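Hydrogens, waters and symmetry mates are skipped; everything else that's a heavy atom, side chains included, is used. The structure displayed is predicted, hence computed values, not measured ones.
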Amino acid sequence: MTEPPEAPLPLAGITVVSVEQAVAAPYATRQLADLGARVIKVERPGGGDFARRYDTTVHGESSYFVWLNRSKESLTLDLKTEDGREVLERLLGRADVFVQNLAPGAAARMGLGAQALRTRFPSLIPCTITGYGSTGPWADRKAYDLLVQCQTGLVSLTGGPGEPARVGISVADIAAGMYAYSGILTALFTRATTGVARAVEVSLFEALAEWMGQPAYYTRFGGTQPPRLGTQHATIAPYGAYTAADGKDVLFSIQNEREWAALCERFLGDPGLADDPRFATGPARVAHREELNAIVAERFAASDSREVRELLDAAGIANADVNDVQDFLAHPVLGARERWRQVPVPGGAAVPALVPPVDLAGVTPRMDAVPAAGEHTDRILAELGLPPVRSVTA
């Protein structure tokens with residue numbers, strides 16, 4: 001089957017205005033930009049999005065900001081002034097989508113709440129990203145990623161037996177950003193098919209709560225929550241990392257009885273173990289995890305990591321090196337599949353960035369420069385028929 005010809009970007013012609021900061025909203029809007037939407041990022045004068053100053057590791061720029069803000073236009077506006085709010089009002093009159101993740105209550109005080117916007121701009125899709133929802137007992141409470149990891153109980157599931165741990169990436173922000181992105185796409189489709197522009201709302205807490213579904217069911221109906229076991233799986237065994245003779249860890253996973261029998265015969269060298277009552281079923285293996293781990297660990301200690309991986313591959317058992325981030329950056333899959341592309345950052349340098357993970361046949365995602373704070377202010381004001389106005393940007 002031949003590939004379709006190169007197509008226009010799916011969201012070309014869509015304009016998104018975003019009063020955004022940190023991670024969740026910028027992640028949603030960057031994905032819209034990847035698909036061709038024009039994203040105008042409204043930032044504070046005198047420094048912009050505070051995520052610009054989280055660190056300075058990428059040629060003086062923040063690793064968070066570089067990751068989340070390519071292909072956007074940066075407009076600095078002082079929304080506490082009448083001139084600043086007037087510029088934003090004019091922009092919203094031309095926009096398809098408005099995204100904001102301001103502090104609780106801030107958008108409503110500026111007339112940027114979803115209902116007020118829908119009254120003034122019936123075709124605009126407003127997207128609100130909150131911590132705990134725009135209504136309810138915690139509507140006015142601030143929320144940051146690790147706080148939400150704690151509130152949902154996620155940290156009680158991660159780490160080792162002795163201590164809970166945060167997930168090492170901003171998982172609550174990412175979850176909220178993904179749901180905001182999919183919600184906006186759904187709202188755009190709905191508007192195109194029905195003519196109705198519907199508001200979108202996502203909270204960090206409820207986004208991550210959805211991801212807690214399996215441990216929630218396990219705890220509610222099992223009477224106790226899944227144990228915290230480091231790289232071991234709480235409800236499947238054997239599934240975890242073990243140390244080979246050369247000191248390197250290899251993780252493998254058994255998903256069913258066929259794989260368990262293959263592991264016993266072709267790796268552990270004991271076909272009869274598959275029918276041992278202690279290990280014959282998934283629940284039995286979990287119940288006798290320590291005995292099983294001792295058998296697996298002894299076998300790992302007899303071979304180096306390369307031989308372990310080869311034997312597991314031959315047995316049809318899924319396995320993985322326990323990589324660090326440097327290993328990930330050099331991963332052969334990313335190189336062979338050409339998943340890196342150069343993206344300019346402020347100051348003239350360019351850095352490798354991962355191509356978006358969803359491939360649309362015939363569509364090359366847009367991966368333009370990361371903007372400097374206020375880089376596009378004068379041009380956007382000129383589009384609106386306005387000269388540079390100090391009270392707008394100072």
query: Do we see a donor-acceptor contact under 3.5 Å between the side chains of T29 and E20?
result: yes
query: Restricting to pairs with a member in residues 265-277, which pass salt bridge (Lys or Arg N to Asp or Glu O under 4.0 Å), not counting sequence neighbours?
result: D276-R278
query: Where is the tightest heavy-atom contact between S62 and A51, given as atom of each residue plus distance?
result: OG-O, 2.8 Å
task: Return yes if some donor-acceptor pair links the side-chain N/O of D55 with the main-chain N/O of R53 below 3.5 Å, else return no.
output: no
task: Tell me, please, which residues at least two apart from T364 pass side-chain hydrogen bond (donor to acceptor under 3.5 Å, both in side chains).
output: E6
task: Check the pair V355, W340 against side chain to side chain contact (heavy atoms under 4.5 Å, CB included), reporting the backbone distance first and the verdict last.
output: CA-CA 6 Å; V355 175; W340 296 104; over 6 Å; no
- line: Sorted by chain and number, sequence neighbours left out, side-chain contact (heavy atoms from CB on, under 4.5 Å) with V358 holds for L360
message: We want to know whether T377 and T76 form a side-chain donor-acceptor pair, criterion being a heavy-atom distance below 3.5 angstrom.
response: yes
- prompt: Say you draw a straight line from CG of L75 to CG of L88; how long is it, rounded to the nearest 0.5 Å?
  reply: 8.5 Å
Derivation and outcome, side chain to side chain contact (heavy atoms under 4.5 Å, CB included), residues V23 and Y64: CA-CA 8 Å; V23 176; Y64 277 89; 3.7 Å; yes
query: Among side-chain atoms of S303 and R299, is any donor-acceptor pair under 3.5 angstrom?
result: yes
Lys/Arg-Asp/Glu bridge criterion (N-O < 4.0 Å) met for R30, D34: yes
- request: Can you sort out the partners of E298 under side-chain hydrogen bond (donor to acceptor under 3.5 Å, both in side chains), two or more places apart, ordered by chain and number?
  value: none
message: Using the ring centroid of each side chain, check whether W67 and Y27 are separated by less than 6.0 Å.
response: yes
field: Side chains of P10 and V363 in contact at under 4.5 Å (non-hydrogen atoms)
entry: yes
message: So, taking the atom named CD1 in I380 and the one named CZ in R94, what distance separates them when rounded to the nearest 0.5 Å?
response: 11.0 Å
query: Is a side-chain donor or acceptor of R52 paired with a backbone partner of V66 at a separation under 3.5 angstrom?
result: no
What side-chain donor-acceptor pairs closer than 3.5 Å can you find for residues 142-156, not counting sequence neighbours?
residue : atom : partner : partner atom : Å
D145    : OD1  : V171    : N            : 3.2
D145    : OD1  : A172    : N            : 2.7
D145    : OD1  : D173    : N            : 3.0
D145    : OD2  : Q149    : NE2          : 2.7
Q149    : OE1  : V167    : N            : 2.8
T152    : OG1  : V148    : O            : 3.0
T152    : OG1  : Q149    : O            : 3.3
S156    : OG   : G153    : O            : 2.6
S156    : OG   : Q225    : NE2          : 3.1

Atom pairs and distances, side-chain donor-acceptor, residues 242-255, under 3.5 Å, sequence neighbours left out:
residue : atom : partner : partner atom : Å
Y242    : OH   : N293    : OD1          : 2.6
T243    : OG1  : D249    : OD1          : 2.6
D246    : OD1  : K248    : N            : 3.2
D246    : OD1  : S305    : N            : 3.3
D246    : OD2  : S305    : N            : 3.2
D246    : OD2  : S305    : OG           : 2.7
S253    : OG   : Q255    : NE2          : 2.7

- prompt: For the residue pair F267 and F300, is the inter-centroid distance of their aromatic rings smaller than 6.0 Å?
  reply: yes
message: Are R118 and P126 packed together at the side-chain level, in the sense that at least one heavy-atom pair is separated by less than 4.5 angstrom?
response: yes
field: T130 side, atom OG1; E206 side, atom CD - distance, nearest 0.5 Å
entry: 7.0 Å
message: Working to the nearest 0.5 angstrom, can you tell me the gap between R191 CZ and L124 CG?
response: 8.0 Å
query: Do E43 and S74 get their side chains close enough for a donor-acceptor pair, meaning under 3.5 Å?
result: yes
